[in-house]
Protein chains: 2
Amino acid sequence: MTVDPVSTVFAALADPTRRAILARLAAGEATVNELAAPFPVSVQAISKHLNVLERAGLIVRTREAQWRRCRLEPAPLRTLAEWVDQYRRLWDDRYDTLDEYLDSLKGKDDEPAQ
Amino acid sequence: MTVDPVSTVFAALADPTRRAILARLAAGEATVNELAAPFPVSVQAISKHLNVLERAGLIVRTREAQWRRCRLEPAPLRTLAEWVDQYRRLWDDRYDTLDEYLDSLKGKDDEPAQ
DNA sequence: CGGTTGATAAACCGATGAGTTGAATATACG
DNA sequence: CGTATATTCAACTCATCGGTTTATCAACCG
């Protein structure tokens with residue numbers, strides 16, 4: 001029942017196997033078998049990971065004969081970068097004026113949950 | 001058994017209540033009761049969330065009489081920003097040369113998991 | 001001292017997550 | 001057609017998660 005997109009993306013990235021899959025896809029498209037090869041788990045497990053990544057919008061899959069080619073979709077990562085940037089002032093002295101702080105928060109707030 | 005720090009931080013951020021807590025702490029320190037007030041769940045549940053955030057290194061807690069003051073610790077968020085930045089070239093035309101691409105990947109790779 | 005307040009611990013519950021094995025589906029190939 | 005290959009579906013297991021309730025610990029206050 002966790003439907004909010006930000007949570008879905010964070011959850012998808014909370015698994016090292018899935019992050020490694022993304023790292024692989026950053027170098028170019030690949031099929032399920034190709035993606036599964038480096039890992040010590042079954043192809044089915046990788047298929048499930050791909051479902052998670054797809055539901056998070058982080059990849060798209062296209063049919064091609066009996067293969068499913070996977071491509072990385074960077075949009076959610078950009079959204080994430082913006083989310084993290086809300087907090088940039090807290091460690092980065094580039095944000096040292098109130099104006100910049102307020103700009104950085106514009107419309108990027110989290111609701112009080114649920 | 002998920003011990004790698006990146007996974008721990010992503011998992012901690014995958015919950016909207018915890019992100020809202022961080023958003024609140026970005027505005028300044030707070031006690032557990034103060035943090036719990038806006039939420040429709042028990043103080044104990046919030047206490048658990050704070051444990052998760054603390055284990056992820058996203059907050060630190062200090063004793064102060066019978067209160068536990070919580071403070072946001074932005075270091076893991078900076079790490080996260082760097083992680084996401086690996087992929088910036090994929091959506092951001094600022095990265096349009098091979099040199100910049102290679103720079104952006106320097107030493108930030110994910111291992112093939114486990 | 002006893003009571004109140006702030007916070008955590010412990011035990012439990014239902015749901016979800018990551019993995020397995022085994023079967024099914026779909027497409028190409030001889 | 002029949003078989004091999006690529007992928008997914010289904011059912012199951014085990015662990016973890018987010019929440020609850022009840023109980024405990026710690027510090028202040030009258």
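Each chain gets a letter, A, B and so on, in the order the sequences are listed, and its residues count up from 1.
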Calculate the interatomic distance between A:E54 atom CD and D:dT8 atom P; express it in whole Å. 9 Å
Residue closer to the 5' end of DNA chain D, A:L50 versus B:R55 (nearest nucleotide): A:L50
Just call it for A:R61: base, sugar-phosphate, or nothing, with non-hydrogen atoms closer than 4.0 Å on any strand. sugar-phosphate
If I take atom CG from residue A:L58 and atom CG from residue A:L25, how far apart are they, to the nearest 0.5 angstrom? 10.0 Å
Mark yes or no for whether A:R18, through its side chain, and A:A11, through its backbone, hold a donor-acceptor pair below 3.5 Å. yes
Considering only D:dG19, D:dG18, C:dG19, which nucleotide approaches the side chain of B:H49 most closely? D:dG19
Is there a continuous path of hydrophobic side-chain contacts, each under 4.5 Å between heavy atoms, that joins A:V6 to B:L53? yes
Taking the side chain of A:R68 as heavy atoms from C-beta outward, which of C:dG19, D:dT7, C:dA18 is closest to it? D:dT7
Applying side-chain contact (heavy atoms from CB on, under 4.5 Å), run through A:I46 and A:N33 and close with a yes or a no. CA-CA 9 Å; A:I46 300 299; A:N33 269 330; over 6 Å; no
When the ring planes of B:F10 and B:W83 are compared, do they come out parallel, tilted or perpendicular, using 30° and 60° as the limits? perpendicular
B:N51 atom CG is separated from C:dA10 atom C1', nearest whole Å, by 13 Å
Just how far, in rounded Å, is P of C:dA9 from CD1 of B:I46? 16 Å
Taking a hydrophobic cluster as the set of Ile, Leu, Val, Met, Phe, Trp and Tyr residues connected by side-chain heavy atoms closer than 4.5 Å, whether directly or through intermediates, do A:W91 and B:V9 fall within one such cluster? yes
A:R24 side chain to A:R19 backbone, donor-acceptor under 3.5 Å: no
Please report the distance, rounded to the nearest Å, between CG in A:D15 and P in D:dC17. 13 Å
Mind calculating the distance between CG (B:L53) and P (C:dT8) to the nearest angstrom? 12 Å
Which nucleotide wins on minimum distance to the side chain of B:T17, given the candidates D:dG18, D:dT7, D:dG19? D:dG19
Give the rounded distance in Å between these two atoms: CG of A:L13 and P of C:dG17. 14 Å
Mind checking side chain to side chain contact (heavy atoms under 4.5 Å, CB included) for A:R61 and listing every partner two or more places apart, or none if nothing turns up? A:L50, A:N51, A:E54, A:I59, A:R68, A:C70
Testing D:dA6, D:dT20, C:dG19 for proximity to the side chain of A:N33, the answer is D:dA6
Out of C:dG19, D:dG18, C:dT8, minimum distance to the side chain of B:V32 belongs to C:dT8
Can you tell me how far P of C:dG6 sits from CD of B:E34, to the nearest Å? 10 Å
Check for a donor-acceptor pair, side chain of B:Y87 on one end and backbone N or O of A:A23 on the other, with a separation under 3.5 Å. yes
Please encode protein proximity along nucleotides 21-30 of chain D as a string of B, S and -, counting only heavy-atom distances under 4.0 Å. BB----SS--
Let me test you: for the helix from C:dC1-D:dG30 to C:dG30-D:dC1, what is the angle between the axes at its two ends (five pairs each), rounded to 10 degrees? 10°
So, is A:S47 near the phosphate of D:dT7, with a side-chain N or O under 4.0 Å from OP1 or OP2? no
Between A:T8 and A:D4 (side chain of the first, backbone of the second, donor and acceptor by atom type, cut-off under 3.5 Å), is there such a pair? yes
